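None of the values given here were measured: they were computed from a predicted structure. Every chain is numbered from 1, with letters handed out A, B, ... down the list of sequences.
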Amino acid sequence: MCGRFTQSYTWAEVERFLSVVGPARNLRPRYNIAPTTPIDVLRLGKAGRELVPMRWGLVPSWWKKPLGELPSTFNARAETVAEKPMFRSAFKSRRCIIPASGFYEWTGKPGAKTPHYFSARDGRPLAFAGLWECWRDPETKEPLESATVIVGSANEWMRAFHDRMPVILAWCDAGAWMAGENPAELLQPPPEDALQEWIVSPRVNRSGVGDDDPALIEPSRAA
DNA sequence: CCAGACGTTGTT
DNA sequence: GTCTGG
DNA sequence: CCAGACGTTGTT
DNA sequence: GTCTGG
């Protein structure tokens, strides 16, 4: 998966959706997110469940080099997330849910790329399986919280556009995910009729475009 | 990942 | 082509 | 037991 | 933080 998450979700929608794991608090709408910019992360902390904005791109707590030398960690592969040094610690003890109204995938060749918007057919927000970490800058000692989205195989329907897709907890068990259970069974693709899709403007991936513009997911040219 | 920008010369 | 911003 | 290592994702 | 090597 690549691109950004888009469109707003209402408090009511998220709360209803997240009721799988219990009541949610402090939820804020967010439309559209790019790597290295914050995403909303629902985690289980000492104070209970909280929605926290974090850097998109997980930084393992043991990372000692400058942030700029960190490889791309905005996605983690479901197949290897348990073993990769970059993710395994968070996979064990810092799972989270990343609410989003939808996500983008691109089709076409360079110079003729077409962005598609994907969201739940029932209109409810999606909840991606994620991981988070807290890292402390060796120089400034500043703490930085970060997160990543787990991606797995696409289902047949999705394969028409892309062979990967985020792990969506709506069709797994969000509660079990947060409890650290049955990862293999949890990280399955959703039913074939779970999502809907339409073409949007390439504007979605343009630098300088605000993340909170609902117009980003307006249908574009016909397919 | 993708979209968009990317400007040089002389000058003590 | 390569780098930056999101 | 301790010391030291440990890089990911996407590629039309 | 977690795993491996010694």
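- One atom, NZ of K65(A), and another, C1' of dT8(D), lie 13 Å apart when rounded to the nearest Å.
- At the phosphate of dT11(D), OP1 or OP2 sits under 4.0 Å from a side-chain N or O atom of H162(A).
- Listed by chain and residue number, E156(A) satisfy the side chain to side chain donor-acceptor pair (under 3.5 Å) test with R159(A) (two or more places apart in sequence, or in another chain).
- For K84(A), whose side chain is taken as the heavy atoms from C-beta onward, the closest listed nucleotide among dC6(D), dA3(B), dT9(D) is dT9(D).
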Please enumerate all protein N or O atoms sitting under 3.5 Å from an N or O of nucleotides 2-6 of chain E, with distances to 0.1 Å.
{"from": "dT2(E)", "atom 1": "O2", "to": "R88(A)", "atom 2": "NH2", "distance (Å)": "3.4"}

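- Here W62(A) packs flat against the base of dC6(D); its ring centre is closer than 5.5 angstrom to the base's six-membered ring, tilted by less than 30 degrees.
- Between the CZ atom of F91(A) and the C1' atom of dT8(D) there is a distance of 16 Å, given to the nearest Å.
- Taking side-chain N and O atoms only, R94(A) has no distance below 4.0 Å to OP1 or OP2 of dG1(E).
- For the pair E105(A) CD and dT9(D) P, the computed distance is 15 Å after rounding to whole Å.
- With both ends at atom P, the span from dC3(C) to dG7(B) equals 13 Å, rounded to whole Å.
- Qualifying side chain to side chain contact (heavy atoms under 4.5 Å, CB included) partners for P138(A), counting only residues two or more places apart in sequence or in other chains: W135(A).
- For W198(A), the ring pair (Phe, Tyr, Trp, His ring centres under 6.0 Å) partners are Y117(A), not counting sequence neighbours.
- Scanning all heavy atoms of the two residues, the minimum distance from F74(A) to W56(A) falls at O-NE1, 2.9 Å.
- Side-chain N/O atoms of H116(A) and E197(A) include a donor and acceptor closer than 3.5 Å.
- Applying the side chain to side chain contact (heavy atoms under 4.5 Å, CB included) test to R77(A) and every residue at least two apart in sequence or in another chain returns E79(A), T80(A), R164(A).
- Distance check on atom P: dT11(D) versus dC2(B) gives 8 Å, rounded to whole Å.
- Comparing atom distances between the N75(A) side chain and each of dA3(B), dC6(D), dT9(D) picks out dT9(D) as nearest.
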Q. Which string of ( ) [ ] | and . matches DNA chain B, if you list each base 5' to 3' and count Watson-Crick or G-U pairs only when both distances are under 3.5 Å?
A. ||||||......

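- A cation-pi arrangement is absent between R95(A) and W132(A) under the rule of less than 6.0 angstrom and at most 45 degrees off the ring axis.
- Rounded to whole Å, atom P of dC6(D) lies 16 Å from atom CG of L70(A).
- Using atom C1' as the reference point in both dC1(B) and dG10(D), the two lie 6 Å apart (nearest Å).
- Side-chain proximity of P85(A) to dG1(E), dT8(D), dT9(D): nearest is dT8(D).
- Protein atom OH of Y117(A) is 18 Å distant from nucleotide atom C1' of dC2(B), rounded to whole Å.
- Qualifying side chain to side chain contact (heavy atoms under 4.5 Å, CB included) partners for K141(A), counting only residues two or more places apart in sequence or in other chains: none.
- Every side chain to side chain contact (heavy atoms under 4.5 Å, CB included) that E139(A) has, sequence neighbours left out, goes to D137(A).
- Applying the side chain to side chain donor-acceptor pair (under 3.5 Å) rule to R94(A) yields the partners S89(A), E133(A); only residues at least two apart in sequence or on another chain are considered.
- Put simply, CG on L58(A) is 14 Å from P on dG1(E), counting in whole angstrom units.
- To the nearest angstrom, P of dG1(E) lies 16 Å from CE of M86(A).
- Rounded to whole Å, the distance from CH2 on W106(A) to P on dT9(D) is 22 Å.
- Nearest to the side chain of K113(A), among dA3(B), dT8(D), dT11(D), sits dA3(B).
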